[in-house]
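Worth saying up front: this structure is predicted, and the values here are computed from it rather than measured. Reminder, nothing fancy here: chain letters follow the sequence lines and each chain counts from 1.
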2 protein chains.
Amino acid sequence: MRVLPRVVGECESGGVERVVDSHARSESVPHVGHQTVSTGWDPVLVPDGRGATRRPEPECPVEVALAAIGGRWTTLVLRDLMGGARSFTELQRGLPTLSAKVLTERLVRLEQRGLVERARSASFPPRTLYRLTAAGRAVEPLLVELYRTGTALLETSLDVSPDDSPR
Amino acid sequence: MRVLPRVVGECESGGVERVVDSHARSESVPHVGHQTVSTGWDPVLVPDGRGATRRPEPECPVEVALAAIGGRWTTLVLRDLMGGARSFTELQRGLPTLSAKVLTERLVRLEQRGLVERARSASFPPRTLYRLTAAGRAVEPLLVELYRTGTALLETSLDVSPDDSPR
DNA sequence: CGGCATCCACATAGATACTG
DNA sequence: CAGTATCTATGTGGATGCCG
């Protein structure tokens with residue numbers, strides 16, 4: 001993904017460029033700090049300097065969001081966790097063809113990113129519950145928007161034919 | 001993404017399930033047609049049957065949206081095209097480290113999906129212009145939402161450390 | 001139950017070189 | 001200008017099997 005494939009986004013920090021020949025033309029990207037400054041792009045799309053980048057940068061908000069939901073199955077896991085805490089096995093039951101390996105990977109990543117927290121119960125049988133954190137719940141509007149946009153695309157170009165997406 | 005990466009989504013059509021043992025428990029996914037029916041998930045996340053799936057299905061709106069923006073560099077290309085029509089070389093100038101091969105791939109996919117249209121001018125020197133279609137413009141709110149969510153994630157979990165996302 | 005360790009297959013990104 | 005053609009490296013998903 002991928003997704004991602006990873007997927008993509010946009011950023012820019014301070015004076016990171018050293019490979020490109022950038023110092024003779026100040027035409028665009030006027031070395032913005034962090035606030036709303038004219039970047040040459042629509043300010044709705046690029047509200048601050050972190051989006052004014054010429055390549056995929058991990059610190060770019062778009063990249064951060066894509067990384068959070070990126071990877072096959074991830075949005076489905078998030079969807080199921082939006083309904084409340086789930087155990088490993090419950091998640092597997094909800095997604096029967098998802099292998100334990102991939103589910104583990106997804107949960108580890110989501111936990112590393114702070115979207116999910118793991119709670120092991122000391123009782124018997126031992127149970128591990130996964131639940132969304134505040135950060136995890138913060139992606140719900142994004143999932144809704146993905147659904148909405150996908151619906152719009154299906155209505156606009158009603159062909160799409162067999163899929164061959166990168167991720 | 002890889003956005004991509006592959007990434008993920010959710011769907012369901014008519015009576016597609018034949019692998020799973022589904023006919024003794026009508027607990028969830030009550031064989032919904034297309035309208036708003038109780039699926040066991042939050043109706044905000046799963047407004048219709050296409051989102052009530054147990055695996056990534058290409059017809060699911062979420063998958064469709066992710067496929068549209070999926071793949072490294074794709075959101076950056078879309079961002080630049082949001083500013084108006086661009087030639088191949090102009091796009092390359094805006095994204096200097098993006099190889100011609102990948103840019104070509106992205107543009108072909110975006111065109112196949114109906115998000116971008118190509119216009120060759122008969123004049124000399126020959127110029128090819130890429131511009132967004134109505135469907136392409138329809139993804140702008142999604143890009144905005146990605147930026148917003150990414151910003152929220154950066155504020156919430158201000159660690160994220162070096163990236164190791166799948167896509 | 002809740003995973004981890006392997007191995008495999010394939011898709012994709014990137015670099016490089018060439019062309020109508 | 002606007003791509004195409006290769007080749008390679010890596011990553012990511014899936015299957016299978018084992019373990020505390």
**Report entry** Atom pair distance, as rounded to whole Å: CG in A/Leu98 and P in D/dG14
**Finding:** 8 Å

Query - Between P of D/dT4 and CD of B/Gln92, the distance in whole Å - result: 12 Å

Query - Atom-to-atom span, CG of B/Leu95 to P of D/dG3 - whole angstrom - result: 15 Å

Report task. For the pair A/Glu140 and A/Arg137, evaluate salt bridge (Lys or Arg N to Asp or Glu O under 4.0 Å) and give the outcome as yes or no after the intermediate values. Result -> CA-CA 6 Å; A/Glu140 178 163 3; A/Arg137 272 172 259 124; over 6 Å; no

Report task. Report the distance from atom CD of B/Glu90 to atom C1' of D/dC1, rounded to the nearest whole Å. Result -> 11 Å

Requested in this report: Would you please confirm or rule out a distance under 4.0 Å between OP1 or OP2 of C/dG14 and any side-chain N or O of B/Ser99?
Outcome: no

Requested in this report: Go through the side-chain N and O atoms of B/Tyr147 and A/Asp48 and say whether any donor and acceptor fall under 3.5 Å apart.
Outcome: yes

Query raised in the report: What's the CZ-P distance between A/Arg109 and D/dG11, to the nearest Å?
Result: 14 Å

Report task. Measure from NZ or CZ of A/Arg79 to the centre of the six-membered ring of B/Trp41, then state whether that distance is under 6.0 Å and the direction lies within 45° of the axis. Result -> yes

Query raised in the report: Is a side-chain donor-acceptor pair under 3.5 Å present for B/Glu155 with B/Thr151?
Result: no

Report task. Specify the separation, in whole Å, of atom CH2 of B/Trp73 and atom P of C/dA13. Result -> 11 Å

Query raised in the report: Atom CZ of B/Arg93 to atom C1' of D/dA2: distance rounded to whole Å?
Result: 13 Å

Query - Residue A/Ser87, side-chain atoms from C-beta onward, closest of C/dA13, C/dG2, D/dG14 - result: C/dG2

Query raised in the report: Hey, does the side chain of A/Ser121 reach the backbone of A/Arg127 with a donor-acceptor pair shorter than 3.5 angstrom?
Result: yes

What does the list of N/O pairs under 3.5 Å between the protein and nucleotides 3-6 of chain C look like, with a distance for each?
residue : atom : partner  : partner atom : Å
C/dG3   : OP1  : A/Arg118 : NH1          : 3.2
C/dG3   : OP2  : A/Tyr130 : OH           : 2.4

Requested in this report: Specify the separation, in whole Å, of atom CZ of B/Arg86 and atom P of D/dC1.
Outcome: 16 Å

Query raised in the report: Can you tell if the side chain of B/Val77 reaches within under 4.5 Å of the side chain of B/Arg86, non-hydrogen atoms only?
Result: no

